[in-house]
Amino acid sequence: CLAIHDGRQDFATARLQPNHGGGRVVTTALEANDVMLSLMVLQLRGSYGAGNTGLANHNPTLEARRRPVLLLTRPEAAAKRFAEQFRARFGEDWRVILSPLMATRWLSPSLQLSGDEHVIFTSETAVRAFARLEVRRSFQTWCVGEHTAKVAALAGFNVLTGPGDARGLVGQIAKSRPETACFWPHGADTAFDIARALMLAGVRTSSAIVYDQMARPLSTEASEVLRQACPVLVPLFSTRSAALFAEEGRCATAPLLIAA
């Protein structure tokens, strides 16, 4: 759902299911994009012009003025992908501002893998981070959802696609009872400990932090629009991005529609 901040009170985000974070806000996979877009259709229906969704658009000029600005704070690649999907759904002329609050920093831990492990990918970034560190592509990989699986396949890995959330993926792996150990490369900030969950399920699993998401300030354009009268629609896909935006947007005076 949406939480609305009118410039005089703290905003709060509401949770949306399903998610990729084991009970937290949705993450960056494509399936999360689909869920967020569906949420926005329900919230914006009848209020703003929205392209091919069938929303009210009797006066395009007036409706364009009434539309909230879409502010995306995700890492740049994911933000651009979501912006394309949003505009395809709601209208190509919808104003979108990209202001990533996190920048990826690649790490270089010593992985020491035999090559027989089942590798677990829970994000596109994890795939790219692991591919930087490991030249072998013979690993069997388990991917949280379709988008992560597509990225892993393009990188040359053998892919099995999960149900779209971390807990469901753990259940799928545990049910398969892999004969060799599993390895989970992940970011420094995680919402659900897959390695621990698999170990509790009797599956040998190790993990390593292969990337970090470093905090960045809002862009000048984003800061300016948050101080204006036009409503700003801010989808938040993780607890970390929500916390960063709460800090960066604390002085906002624009009406905020927080989708999470």
Side-chain angles (χ1 to χ4, degrees), residues 13 15-32 35 74-75 78 102 104-134 136 138-149 151-152 155 157-215 236-244 260:
T13 57
R15 291 181 181 176
L16 172 69
Q17 300 293 339
N19 64 63
H20 292 177
R24 296 202 181 185
V25 184
V26 292
T27 61
T28 58
L30 180 62
E31 295 82 0
V35 172
R74 310 178 75 183
M102 291 179 283
T104 302
R105 180 168 68 95
W106 307 115
L107 304 179
S108 301
S110 177
L111 301 184
Q112 299 180 341
L113 300 176
S114 68
D116 295 326
E117 292 85 357
H118 287 224
V119 178
I120 302 166
F121 292 134
T122 50
S123 71
E124 171 185 351
T125 307
V127 176
R128 301 193 188 286
F130 182 77
R132 291 180 64 257
L133 300 171
E134 176 59 69
R136 291 171 292 184
S138 57
F139 297 95
Q140 178 62 65
T141 69
W142 295 81
C143 299
V144 66
E146 292 181 4
H147 177 68
T148 303
V151 174
F157 293 105
N158 301 313
V159 169
L160 291 172
T161 304
D165 66 280
R167 292 184 185 276
L169 182 63
V170 165
Q172 190 171 321
I173 295 171
K175 185 176 181 180
S176 75
R177 309 304 300 177
E179 296 181 359
T180 58
C182 290
F183 175 70
W184 176 41
H186 59 85
D189 184 70
T190 60
F192 178 61
D193 192 337
I194 284 182
R196 182 175 183 275
L198 284 172
M199 290 290 285
L200 290 174
V203 179
R204 288 181 296 137
T205 307
S206 61
S207 65
I209 299 173
V210 294
Y211 69 94
D212 196 2
Q213 299 282 17
M214 310 303 293
L236 298 171
F237 290 78
S238 71
T239 51
R240 177 108 191 276
S241 62
L244 291 173

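Residue numbers run from 1 in the order of the sequence given. Below, each value reflects all heavy atoms present in this structure, side chains not excepted, and no hydrogens, waters or symmetry copies.
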Check the pair Glu134, Phe139 against side-chain contact (heavy atoms from CB on, under 4.5 Å), reporting the backbone distance first and the verdict last. CA-CA 10 Å; Glu134 176 59 69; Phe139 297 95; 3.4 Å; yes
Of the non-hydrogen atoms in [X] and [Y], which two are nearest, and what is the gap between them?
| X | Y | value |
| --- | --- | --- |
| Phe183 | Glu117 | CB-CB, 4.3 Å |
| Leu169 | Gly162 | CD1-CA, 3.9 Å |
| Phe121 | Pro185 | CE2-CG, 3.8 Å |
| Thr161 | Ala149 | OG1-CB, 3.3 Å |
| Ala152 | Val159 | CB-CG2, 3.8 Å |
| Arg240 | Ala215 | NH2-N, 3.9 Å |

Do any side-chain atoms of residues 192-210 form donor-acceptor pairs under 3.5 angstrom with protein atoms, and if so which ones, sequence neighbours left out?
{"from": "Asp193", "atom 1": "OD1", "to": "Ala195", "atom 2": "N", "distance (Å)": "3.2"}
{"from": "Asp193", "atom 1": "OD1", "to": "Arg196", "atom 2": "N", "distance (Å)": "3.0"}
{"from": "Thr205", "atom 1": "OG1", "to": "Val203", "atom 2": "O", "distance (Å)": "3.0"}

Can you name the one residue among Leu160, Ile120, Thr148 that meets side chain to side chain contact (heavy atoms under 4.5 Å, CB included) with Cys143?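 The residue from Leu160, Ile120, Thr148 that satisfies side chain to side chain contact (heavy atoms under 4.5 Å, CB included) with Cys143 turns out to be Thr148.
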Using only atom types and a distance under 3.5 Å, with no angle test, would you say the side chain of Arg136 pairs donor to acceptor with the backbone of Ser114?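 Flag set: sc Arg136 to bb Ser114 pair under 3.5 Å.
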Whether the side chain of Gln172 engages the backbone of Val170 through a donor-acceptor N/O pair (distance < 3.5 Å, no angle test) should be reported.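 Such a contact is absent between Gln172 side chain and Val170 backbone.
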Beyond-backbone contact of [X] with [Y], side-chain heavy atoms, under 4.5 angstrom:
| X | Y | result |
| --- | --- | --- |
| Phe130 | Leu111 | yes |
| Val119 | Phe157 | no |
| Thr125 | Gln213 | yes |

By salt bridge (Lys or Arg N to Asp or Glu O under 4.0 Å), which residues pair with Arg128, not counting sequence neighbours?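 Salt bridge (Lys or Arg N to Asp or Glu O under 4.0 Å) check on Arg128 returns Glu124.
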Just do the side-chain contact (heavy atoms from CB on, under 4.5 Å) check on Trp184 and Thr122 with the steps written out, would you? CA-CA 8 Å; Trp184 176 41; Thr122 50; 3.3 Å; yes
